[in-house]
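So you know, we letter chains A, B, ... as the sequences are listed, proteins then strands, and number each from 1.
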Amino acid sequence: MNENSQLSLEIQSLRKSFRRGKKQVLQDITLQARGGQCIGILGANGCGKSTLLSILAGIQRPDSGNVLLNGVNLLERKMQRNLSSLVGFVPQEPPLMAELTAYDNLKLWYCQSPLSLERELEEGFLATLGIPDFLTVSVGHMSGGMKKRLSIGCSIAMSPRVLLLDEPGAALDLLCKEYIETYLRQFRSQGNLILIATHEEREIALCDQLFLLKNGVLSPLSYEGDIHQIAKTL
Amino acid sequence: MKTIFVYFQLEMKRMLRSLPGIILGSLLLILLLAGTFWLCHKSTQNPAQKKHISVGIVAREGEPFIDWMIDAVSQIKSTKYTCHFRRLAEKEAQRQIEQGKINVIFLIPKDYVASIIRGENKHVTIRFSQGQTTIVSFLLRELCTAASSFILNSEAGIYTMQDYYREHRLPHASRDELNLNIAYIKEIAKLEEGVKLEEIKIPDSYSQTSRFLASGIVLFFFLWGIAYGNLLTSQNHAFQQKLRISSLGYPLQVILRNLAFFLINTLSFAILLAIAHILCHVQGMPLPGTILSQPERLWVFGASLLPILWMAASFIQWVYETAEDRFGGAIFLFLATLLLALLSGCFYPLDYLPLSIQNLAKALPLYHSVEYALSCLDRSPSPIHLVWIMGYGSGFLGIAMLWRNVRMRYRT
């Protein structure tokens with residue numbers, strides 16, 4: 001896949017159910033997005049936002065449907081090995097080794113990265129996230145904001161074009177949110193695509209398009225700056 | 001490939017960080033186990049409890065004085081032992097000592113008493129199995145006492161001889177009496193030389209100290225896992241899932257962790273062996289007659305126990321994979337190990353258990369671990385028990401891999 005080409009993501013009729021079909025979480029999810037966009041997905045707790053992002057990240061398999069990135073189906077088995085170089089995923093729970101430092105955790109994800117870890121820490125996205133400030137701190141001693149920033153830093157190790165974030169700003173202070181927002185703007189400005197499941201007003205304001213996931217159905221949502229208006233629709 | 005190597009490195013690193021705490025915890029556990037087994041040992045040495053000894057006597061039918069000698073020894077009161085004597089044919093006696101039904105065999109040669117009177121030096125052979133040396137010491141002492149009693153009776157015979165010589169006016173009474181006394185004194189002095197000791201090797205026959213040491217080491221390997229709860233409980237699911245999509249599948253994650261855990265265990269074990277080596281130089285080796293008779297051989301013994309260490313590591317890892325939290329895992333590990341130890345005869349001989357449980361014990365991992373450790377102490381590691389151990393280790397690791405895979409796929 002040509003990194004310089006215009007990025008396009010297309011989700012076609014994605015379906016997912018649990019408990020052998022008794023609970024239909026996603027019903028015919030369809031979405032189109034391009035590089036340089038930030039897509040926001042809103043919905044009540046437990047509506048299926050995390051499930052949708054997990055499917056796009058290759059962690060879960062859908063019951064049916066396709067996910068095309070520049071025409072290539074990401075759900076095919078042969079694409080699974082290369083998925084981390086195309087799609088970066090930041091889950092709600094930070095995927096970190098608790099007994100080790102930030103640097104050790106980054107080493108794990110950057111060992112096969114095309115990027116140089118030291119260079120990224122000096123002047124790349126990792127510097128933008130402020131990670132050098134707590135490089136030698138053990139994960140067990142980090143605040144929630146540090147862990148979230150480190151999670152993002154780990155997920156971009158393979159220089160993905162698509163970044164999936166599951167509630168990145170939850171329970172973070174304003175400074176951390178500022179770091180993350182700055183980073184997301186930079187990432188988007190390079191022609192990459194962001195899909196973000198969120199409840200945070202600042203992140204909603206960052207999005208170019210908003211979608212509401214309700215009863216398994218994804219529908220467009222208009223936002224005119226009033227968060228309370230959105231809350232009524234959930 | 002690089003991810004595999006870096007992940008393994010990081011697993012080693014996080015376990016190495018906990019090494020000082022693990023060593024301290026290990027020393028406490030060793031003290032606890034040593035105290036437990038010392039109490040077990042003391043209770044079996046209770047003077048209030050007499051030990052039953054079964055002795056087989058192999059002698060020619062009609063051999064004079066044998067019944068008298070048995071009576072003489074039986075009448076000696078001992079606060080430690082009660083002896084039961086049985087006259088047996090040699091083949092039957094050999095069969096019974098190999099089966100553990102009798103403790104010692106006395107093989108009395110033909111015309112033994114007459115040979116003493118004639119001044120010949122025929123041997124009484126005492127045959128015993130390994131681990132029975134204290135019984136043999138006791139019996140030799142009683143034998144000497146019995147022989148003294150025999151002499152006293154013989155003295156009575158000599159006085160009768162004097163009356164006889166006087167009555168019949170026979171010459172050389174003093175010379176004959178002197179010669180007879182000298183002959184008896186010579187025989188008594190040679191008595192221990194007149195007894196030949198034969199030690200025969202019987203399968204599965206080890207001293208109590210060896211058994212307790214082997215059981216203690218095996219239990220230590222298993223209970224050690226209580227200190228590792230923090231390191232072995234599953235990492236957060238998001239981390240495991242991300243590793244999987246980075247080509248490090250769930251089974252491979254388990255294998256790499258097992259390898260790191262085993263290597264750290266080996267390092268900890270080496271440190272403890274070094275401490276033991278120093279103590280053995282100061283205090284002396286605990287088990288002469290085994291591989292531990294020399295301090296240098298301690299390391300060879302330790303190396304031979306590595307298969308048990310690996311099997312225990314696999315078992316511990318499986319426990320924590322199943323429990324998913326460190327406290328539940330520690331409790332499960334403790335109870336499971338205790339149950340296995342009770343059913344495998346770690347604290348008492350297996351013979352104490354009903355036959356059905358004895359048969360079950362021979363399929364349990366702790367039983368094979370203890371038997372293998374005993375065979376290593378004896379300088380001849382048992383390949384059969386080793387195969388069982390490696391089989392169990394592979395089985396536990398396989399179940400841990402399967403459990404992780406199924407659990408994570410069920411979650412997704």
Around atom [atom1] of [X], are there more than 12 heavy atoms of other residues, nucleotides or ligands at under 6.0 Å?
{"X": "B/F8", "atom1": "CZ", "value": "yes"}
{"X": "A/D133", "atom1": "CG", "value": "yes"}
{"X": "A/R119", "atom1": "CZ", "value": "no"}

Going from [atom1] on [X] to [atom2] on [Y], what distance comes out if it is rounded to the nearest 0.5 angstrom?
{"X": "A/D104", "Y": "B/K13", "atom1": "CG", "atom2": "NZ", "answer": "3.5 Å"}
{"X": "A/L96", "Y": "B/F239", "atom1": "CG", "atom2": "CZ", "answer": "8.0 Å"}
{"X": "A/I59", "Y": "B/M408", "atom1": "CD1", "atom2": "CE", "answer": "8.5 Å"}
{"X": "A/M158", "Y": "B/S246", "atom1": "CE", "atom2": "OG", "answer": "7.5 Å"}
{"X": "A/K107", "Y": "B/Q9", "atom1": "NZ", "atom2": "CD", "answer": "5.0 Å"}

Can you find a heavy atom in the side chain of [X] that is under 4.5 Å from one in the side chain of [Y]?
{"X": "B/F5", "Y": "A/C111", "result": "no"}
{"X": "A/W109", "Y": "B/V6", "result": "no"}
{"X": "B/E11", "Y": "A/M97", "result": "yes"}
{"X": "B/L10", "Y": "A/N105", "result": "no"}

(Q) Counting only non-hydrogen atoms closer than 4.5 Å, does B/R244 touch chain A with its backbone (N, CA, C, O), its side chain (CB onward), both, or neither? (A)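 For B/R244, the side chain is the part near chain A, not the backbone.
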
- Item | Interchain contact, A/L83 with chain B, by part (heavy-atom threshold 4.5 Å) |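 When you check distances to chain B, no heavy atom of A/L83 falls under 4.5 Å.
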
**Message:** Counting only non-hydrogen atoms closer than 4.5 Å, does A/S155 touch chain B with its backbone (N, CA, C, O), its side chain (CB onward), both, or neither?
**Reply:**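 Interface part for A/S155: both.
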
Applying side-chain contact (heavy atoms from CB on, under 4.5 Å), run through B/L243 and A/L108 and close with a yes or a no.
CA-CA 10 Å; B/L243 276 180; A/L108 177 62; 4.1 Å; yes

Shortest non-hydrogen contact between [X] and [Y], atoms and distance:
{"X": "B/R17", "Y": "A/E99", "answer": "NH1-O, 2.7 Å"}
{"X": "B/A238", "Y": "A/P91", "answer": "CB-CG, 3.7 Å"}
{"X": "B/N236", "Y": "A/E93", "answer": "CB-OE2, 2.8 Å"}

